[in-house]
*Asks:* 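Here you go, one structure.
Whatever order the structure lists them in is the order used to number ligands and atoms, beginning at 1.
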Amino acid sequence: MSVGVRVRPLPCREKDMEFTKSAWTWHGKTLTQQIFPAPACGAAPKRSTTAAYTFDNLYPPESTSSHIYDTSRVVEDVLEGYNGLVGCYGQSQSGKSLTIAAMTIHTVQDIFSHIHATAATTEYLLRLTYVQVHDEKAIDLLKTTSQPTLFTQRNLDGSFALHGCTSVPIVSADHALALVETGRANQAGGGPIIESQNKNCLASPVHSTILDLVDLAASESVSPGAMPMNKSLLAFGHIVWQYSHNPTASVPYEDSALTQLLQPTLTLSASMALLCTVVPIPEALDETHRTLKARRIELRLQKPMPHGPSTFLAFDRHLEKLISQRDSENEIEAKVQTELEIRKLRQVILNRDSEMRGSEWRQS
Ligand SMILES: Nc1ncnc2c1ncn2[C@@H]1O[C@H](COP(=O)(O)OP(=O)(O)OP(=O)(O)O)[C@@H](O)[C@H]1O
């Protein structure tokens with residue numbers, strides 16, 4: 001997993017500019033912060049100390065979002081068949097939403113370029129989910145009707161299944177971006193589920209990969225004394241900390257709604273990029289110090305097992321086949337039989353689009 005830091009351009013406030021000149025420096029992949037402890041009442045000022053942090057990538061204020069995207073490389077891994085997670089965290093107003101929005105645009109554009117480039121040999125079905133975690137409740141941001149609140153259930157194998165989550169089949173990059181734009185919210189995440197199969201062999205396995213892009217809540221919501229304490233962000237941070245310090249211990253996904261949702265991608269077998277966003281202003285020094293404690297994590301990438309043929313992709317393909325069979329049938333009786341099969345399959349697809357959709361892919 002790569003951990004990168006994006007330093008936001010300074011807000012135009014002269015006093016901050018002066019302070020910052022002496023408080024922050026960055027060079028290569030290292031950010032050095034000068035810390036000025038507040039003097040006790042009536043006491044002489046304490047001497048400042050410095051703290052240096054080195055990351056896989058450091059993006060100074062002039063870095064572009066496309067450069068950040070290119071260096072994170074998660075989408076390349078996803079297109080090779082690994083699950084992936086891109087998460088942004090940091091203090092409020094540090095650029096989390098701006099960064100994740102840019103990453104989303106590049107991601108969907110690259111996925112569709114890849115789909116077009118390989119369309120001769122591979123068939124794809126892309127679906128999009130988008131969920132917000134608020135007050136430990138998962139809310140379906142793509143649900144246009146009532147009941148947007150989702151619930152997770154534990155499967156026998158210990159994994160979590162998300163029930164009733166909408167996953168909309170996506171036809172183009174613009175379609176995906178319009179959906180995300182419509183539902184955008186804080187502490188929200190989701191992304192494409194990509195199913196692919198060899199076009200020339202119906203019996204070949206179907207590969208299914210998930211990419212989650214997550215805009216995490218502001219890091220102040222887990223600072224000492226924060227009320228209410230954001231349980232999901234805290235649990236997410238614990239898992240990341242555990243991966244870097246004790247990677248063989250069992251992972252406490254059950255601790256929060258967010259970590260249950262991210263179970264397929266918040267794992268050492270998935271490709272992960274974490275981006276810490278920071279604002280180099282005096283008020284943010286303490287918060288930034290906490291944000292920057294993220295450390296490099298060694299992954300053990302592993303592709304998810306391919307599915308059998310009973311997947312979304314196979315349903316759609318089978319429906320197309322039945323329709324063309326019905327249209328070319330000469331016998332009226334055979335036409336009716338095929339029509340009945342088509343209706344049955346349409347019902348299955350309709351059901352798939354409602355209740356079980358979310359849980360099916362989470363179980364995969
Ligand atoms: N790299 C950047 N370049 C220019 N402007 C930026 C950059 N990062 C953030 N900003 C600006 O700072 C403001 C806050 O950004 P953004 O909403 O992305 O922060 P956030 O961390 O998601 O905030 P919050 O936690 O409050 O939701 C916005 O006006 C945004 O345009």
*Asks:* Before signing off on this row, confirm whether Gln93 and ligand 1 have an N or O atom pair separated by under 3.5 Å.
*Replies:* yes
*Asks:* Can you find a side-chain donor-acceptor pair between Asp215 and Tyr89 that sits under 3.5 Å?
*Replies:* no
*Asks:* Indicate whether any N or O donor in one side chain lies under 3.5 Å from an N or O acceptor in the other, for Asn83 and Thr265.
*Replies:* no
*Asks:* A side-chain contact here means heavy atoms from C-beta on lying under 4.5 Å apart; do Asn198 and Thr121 qualify?
*Replies:* no
*Asks:* Can you check whether Leu98 has an N/O within less than 3.5 Å of an N/O in ligand 1?
*Replies:* yes
*Asks:* Are any of the N/O atoms on Thr277, whether in the backbone or the side chain, positioned under 3.5 angstrom from an N/O atom of ligand 1?
*Replies:* no
*Asks:* Tell me whether ligand 1 is touched by Ser94 - counting only heavy atoms on the residue side and a distance under 4.0 Å.
*Replies:* yes
*Asks:* Are any of the N/O atoms in Gly95 less than 3.5 Å from those in ligand 1?
*Replies:* yes
*Asks:* Please indicate, with yes or no, if any protein heavy atom is found under 4.0 Å from atom 29 (O) of ligand 1?
*Replies:* no
*Asks:* Which atoms of ligand 1 are found less than 4.0 Å from any heavy atom of Gln91?
*Replies:* 21 (O)
*Asks:* By number and element, which atoms of ligand 1 are closer than 4.0 Å to a non-hydrogen atom of Pro9?
*Replies:* 1 (N), 2 (C), 3 (N), 4 (C), 7 (C)
*Asks:* Using a 3.5 Å cut-off on N or O atoms only, is Ser92 in polar contact with ligand 1?
*Replies:* no
*Asks:* Please work out which of the three classes, parallel, tilted or perpendicular, describes the rings of Tyr59 and His67, given edges at 30° and 60°.
*Replies:* perpendicular
*Asks:* Could you tell me whether the side chains of Thr99 and Arg6 share a donor-acceptor contact shorter than 3.5 Å?
*Replies:* yes
*Asks:* Would you say that Asp255 contacts Lys231 through its side chain, given a criterion of any heavy-atom pair below 4.5 Å between the two side chains?
*Replies:* no
*Asks:* Taking the side chain as every heavy atom from C-beta outward, state whether Tyr130 and Val180 have any atom pair closer than 4.5 Å.
*Replies:* yes
*Asks:* To which protein heavy atom is atom 8 (N) of ligand 1 closest, and what is the distance rounded to 0.1 Å?
*Replies:* Arg8 CG, 3.2 Å
*Asks:* Is there side-chain contact between Thr30 and Tyr53, with at least one heavy-atom pair below 4.5 Å?
*Replies:* no
*Asks:* Are any of the N/O atoms in Lys96 less than 3.5 Å from those in ligand 1?
*Replies:* yes
*Asks:* Is the shortest distance from atom 16 (P) of ligand 1 to a protein heavy atom below 4.0 Å?
*Replies:* yes
*Asks:* Using a strict cut-off of 4.0 Å, indicate which atoms of ligand 1 neighbour a heavy atom of Arg6.
*Replies:* 1 (N)
*Asks:* Surrounding CD of Glu331 (heavy atoms of other residues, nucleotides or ligands, distance under 6.0 Å), is the total greater than 12?
*Replies:* no
